[in-house]
Structures are given as structure tokens and as C-alpha cells.
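Everything quoted here is computed from the prediction, not taken from an experiment.
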Amino acid sequence: MSLAQVIAERIAQDGPITVADFMALCLQHPEYGYYITRDPLGADFITAPEISQMFGELIGLSLAQAWLDQGAPSRFTLAELGPGRGTLMADMLRAAERVPGFIEAADVVLLETSPALRQVQKARLAPVMPKWIDRADALPDQPLFVVANEFFDALPIRQFQRQGETLWSERRIGLQGDNLQIGLAGAAPVEALAHRLEDTREGDLVEICPSAPAVLAQVSARVAEFRGAALIIDYGDWRSLGDTLQALRRGKSVEVLSHLGKADLTAHVDFEALAAAASPNVHSKLTPQGVFLERLGITARAERLAKNLSGSALEAHIAAHRRLTSPLEMGNLFKVLGIVPRGALPLAGLEL
Ligand code: SAH
């Protein structure tokens, strides 16, 4: 069997599948799924924590400050959704060692589906004895300080094309002979897209991520009830428009319908949809990543680290700083959504 055969059989049985079903099979199939079979970081794409240690350090300090601001609860969950190689968590923990009592009070919990990446995380984070969970509803009922970087972009999306005044046709993936082909299902009203009739026209394409609201609801319910904070970082915008599904292999963009299970598939995150799914008892705030990191003092930290570097290492360090913050690189494309209980002090970096 191959993933191509699995998908072809599924289509033969059920008819054309949604983009979300296609993404779920490609990324999470128990035998052939992209994330299940490999550690893709570095090989196919690179993320902010892998670019520079400064990213995780500043996020760790922002969350540790929120923990202090909220009365330093003596037991809390320090969680990460989709921790990759564990680099972000390791950098957060190292920086937060400066905040007395924080690490001692933390139960580290990692939401991860990939057995390959769990092994990498286990080796990296052994000293803090993390606990792994499969679903957000398994997060413990206690104060929750949580980060998710490039997690939501890996969750399957559905795509709809506007038809006329009120209807939408869903993109589906079917078979033409032996080849996968994208087509459109019949037009129908879509409840979840009622608010998009105001800002779209005939032919426009919009996306929804069906599994994201439930994760947000689980996270924000704990933050609202037990206190805490969430930092969700990803590429995307407030209300996305157009086809943002992309496949990446070895750092290069490839055809979405080829390289099944061998390329990463991601889509832009619609932060409006995330914020809308949050508990009414939390406050949420969106800011570009570059602005967030500048407010947290990345430039001062970069200068401090630069003192011990020279030659190509110094050049790489300067390039990494620029890559994370410049509006021409990740600074604007990536956004940070911060969530705190209503009435709590804002997160450091998201004050304004
Ligand atoms: N946050 C890391 C890794 C980002 S890659 C970093 O910034 O470097 C996406 C991560 O989310 C991987 O760890 C992947 O295995 C995990 N992941 C993807 N889909 C998931 C899902 N549905 N449930 C849990 N984890 C998932």
C-alpha cells in the first residue's frame, strides 16, 4: 500500500473528499502521514525557534511575567501545542530559570501526534519530565500558560468558493483516471461562512479550519477558569481570503497533489476565527510578530549575544534577528495572538 492507494480507495468508496480530509490523510495517516513518519524540521522547513534561541527566550519571559502578574500560582501547566523538536520549550525554560519559583511550579505538557517528534522532544526535555497528550481536552484543570508556534497552520482546512448571492461550492479532491484532481461540489449555503458574505464576491475562495475552534475553546476555557495565558503564533491574518494551501518539500514549494505524505501541507491561520472561538471570559489581542519581539527587547538581546560572536556566526546571528522581525521577512506575515483572563494585565509584548 502507499498513501496514493489509500487516498484513491477512499475516493472510490466515498466519492471526492474535502481538502480537510486530504490534508488529514497526508499529514496524520497512522502509517504514511507526513508528521507521523518523520522529523521534518530543518529538512523541509524551518521555524522561528530553529532560526534563533532569542525567539523562545523572549516568549518564555513573557509567559513567566504573566505568571508573576497573576499571583504566581504554585502549580500550573506549562504547555506547548505542536512542540516540534522541543527547541522552543527548551529555550523558554532556560530563560525562565531567572524567574524564581516558575520552573518548580510548572507541569510541562506537550500536545503532539507524531511518534517521531515525541522521541526528539523526550531526549531534549528529559530534565523537566514532560507529559504528552493527544488532544487539547486532556489539558489538566489548573492554571495554564501555553504557547503554540506553527501548530494551527498544520490543521486541516476546508475551502469554499462563493457562488452568487448566498451560496458556496466546496473544493473536493477526486480522481480523473489515476490522477487526483481538484473539483467543486454543488452550491449550498454554509452556516459557518455567513459572516463572509459581507466581504467576498462571486468566485472568491475562503477557508475554514474545522478543528481549530475546539482547541481554542479548550485552551481559553482553562485560562478563563483557572487563570493563565496563551500565545499563539502563526502566519496568517484577521479573516483570510484566497487559496493559502501550500506544500513544502526541502524548503521549496511543490504541487499540493503530488509528493503525498512527503511534503508539508499548511494553510494560513484565520485569527478572527480563533478569537471568535475563545471563551467570552478571556481577552485576546493580535500583533505582528516583529512588533511583539521588538517590544520584548529582541534588539538588546541580539546585541548581547553578538558580543560573543564573530565571522560567519555573527553574520548568521544578524540575519536571524532580521528574519524574525523584518516586515519583509517573518515580521509582518507572522502574527501573535495573546489570550489572558478578562481583567488580567496584558501579556508583555502585547500591551498596546
Ligand atoms: N512548534 C514547533 C514545530 C512546528 S511544526 C516549532 O515552532 O518549531 C508542527 C508541529 O505540530 C509538529 O510538532 C507536529 O507534529 C505537530 N502537529 C501537527 N498536527 C498536529 C495535531 N493535529 N495534533 C497535535 N500535534 C500536531
Side-chain angles (χ1 to χ4, degrees), residues 47-49 55-56 58-67 69-70 77-84 88-89 92 111 136 139 143-155 157 195 206-225 227-241 244 266-296 298 324-325 327 330-352:
T47 57
F55 184 79
L58 294 170
I59 286 170
L61 291 174
S62 179
L63 288 182
Q65 181 64 53
W67 175 76
D69 289 343
Q70 296 186 32
T77 305
L78 180 62
E80 183 171 354
L81 315 181
L88 172 55
M89 182 56 81
M92 286 168 60
L111 173 68
L139 284 164
L144 172 65
F145 292 82
V146 53
V147 65
N149 185 60
E150 292 210 39
F151 167 74
F152 284 95
D153 68 26
L155 301 183
I157 51 140
H195 65 299
V206 297
E207 299 172 337
I208 55 177
C209 180
S211 52
V215 178
L216 232 288
Q218 291 290 340
V219 165
S220 64
R222 282 167 184 76
V223 169
E225 183 174 354
R227 304 184 75 72
L231 278 171
I232 295 161
I233 305 140
D234 227 307
Y235 67 149
D237 216 332
W238 193 263
R239 199 172 276 211
S240 59
L241 183 64
T244 74
T266 62
H268 283 204
V269 171
D270 182 351
F271 284 98
E272 181 187 44
L274 290 188
S279 153
N281 297 319
V282 297
H283 172 70
S284 50
K285 176 74 207 285
L286 190 71
T287 294
Q289 172 174 301
V291 173
F292 173 74
L293 294 174
E294 289 299 350
R295 286 192 191 139
L296 289 173
I298 194 170
L324 292 179
T325 56
M330 295 170 81
N332 256 356
L333 175 62
F334 281 73
K335 312 282 190 304
V336 182
L337 181 73
I339 292 175
V340 289
R342 219 163 252 295
L345 285 174
L347 278 155
L350 294 172
E351 299 91 339
L352 301 174

Could you tell me whether a side-chain N or O of Thr77 sits under 3.5 Å from a main-chain N or O of Ala79, the two making a donor and an acceptor?
no
Which distance, rounded to the nearest 0.5 Å, do you find between the OG of Ser284 and the CD of Glu272?
11.0 Å
Side chains of Ile232 and Lys335: does their closest heavy-atom pair fall under 4.5 Å?
no
Check whether any side-chain N or O of Thr325 sits under 3.5 Å from a backbone N or O of Gly290 as a donor-acceptor pair, and report yes or no.
no
What are the two closest non-hydrogen atoms of Gly349 and Thr287, and how far apart are they?
O-CG2, 4.5 Å
Kindly indicate whether the side chain of Arg239, heavy atoms from C-beta on, has any atom under 4.5 Å from the side chain of Phe271.
no
Can you check whether Val282 reaches Arg342 side chain to side chain, under 4.5 Å on heavy atoms?
no
Distance in Å, Leu81 CG paired with Glu150 CD, rounded so as to fall on 0.5 Å steps:
13.5 Å
Any Phe151 side-chain heavy atom under 4.5 Å of Leu111 side chain
yes
Leu139 and Val219, any side-chain heavy atoms less than 4.5 Å apart:
yes
Would you call Leu296 and Leu61 a side-chain contact if the rule is heavy atoms closer than 4.5 Å?
no
What heavy-atom pair brings Phe152 and Ala212 nearest, and what distance separates the two atoms?
CD2-CB, 3.9 Å
For Leu231 against Gly338, the heavy-atom pair lying closest together
CD2-CA, 4.2 Å
Flag the pair Ile208 / Ile157 as yes when at least one side-chain heavy-atom distance between them is below 4.5 Å, and no otherwise.
no
So, for Trp238 and Asp270, which heavy atoms are closest and what is the spacing to 0.1 Å?
C-OD1, 4.0 Å
Indicate yes or no: at least one non-hydrogen side-chain atom of Asn149 is less than 4.5 angstrom from one of Pro49.
yes
What class does the angle between the rings of Tyr235 and His268 fall in, given that below 30° is parallel, 30 to 60° is tilted and above 60° is perpendicular?
tilted
For Gln289 and Ile233, indicate whether the former's side chain and the latter's backbone hold a donor-acceptor pair under 3.5 Å.
no
To the nearest 0.5 Å, what is the distance between SG (Cys209) and CG (Leu274)?
7.5 Å
Would you compute the distance between atom OG of Ser279 and atom CZ of Arg222 and round it to the nearest 0.5 angstrom?
11.5 Å
Closest approach of Met92 and Gly56, non-hydrogen atoms and distance?
CG-O, 3.3 Å
Please check: side-chain N/O of Glu294 versus main-chain N/O of Phe292, any donor-acceptor pairing under 3.5 Å?
no
Before you tell me yes or no, could you show the steps for Leu216 and Ile339 under side chain to side chain contact (heavy atoms under 4.5 Å, CB included), namely the whole-Å CA-CA distance, both residues' side-chain angles and the distance that decides it to 0.1 Å?
CA-CA 10 Å; Leu216 232 288; Ile339 292 175; 3.7 Å; yes
With a 3.5 Å distance limit and no angle check, can you tell me whether Ser62 reaches the backbone of Leu58 through a side-chain donor-acceptor pair?
no
Return the CG to NE2 distance between Leu347 and His283, rounded to the nearest 0.5 Å.
9.5 Å
Look at the side chain of Glu80 and the backbone N and O of Val147, then say whether any donor-acceptor pair between them is shorter than 3.5 Å.
no
Approximate separation, where rounding is to 0.5 Å, of Leu155 CG and Thr266 OG1
11.0 Å
Taking all non-hydrogen atoms of both residues, which atom of Val223 and which atom of Ala229 are closest, and how far apart?
CG2-N, 4.0 Å
Go through the steps for Thr244 and Glu207 under the test side chain to side chain donor-acceptor pair (under 3.5 Å), then give the verdict.
CA-CA 8 Å; Thr244 74; Glu207 299 172 337; 2.7 Å; yes
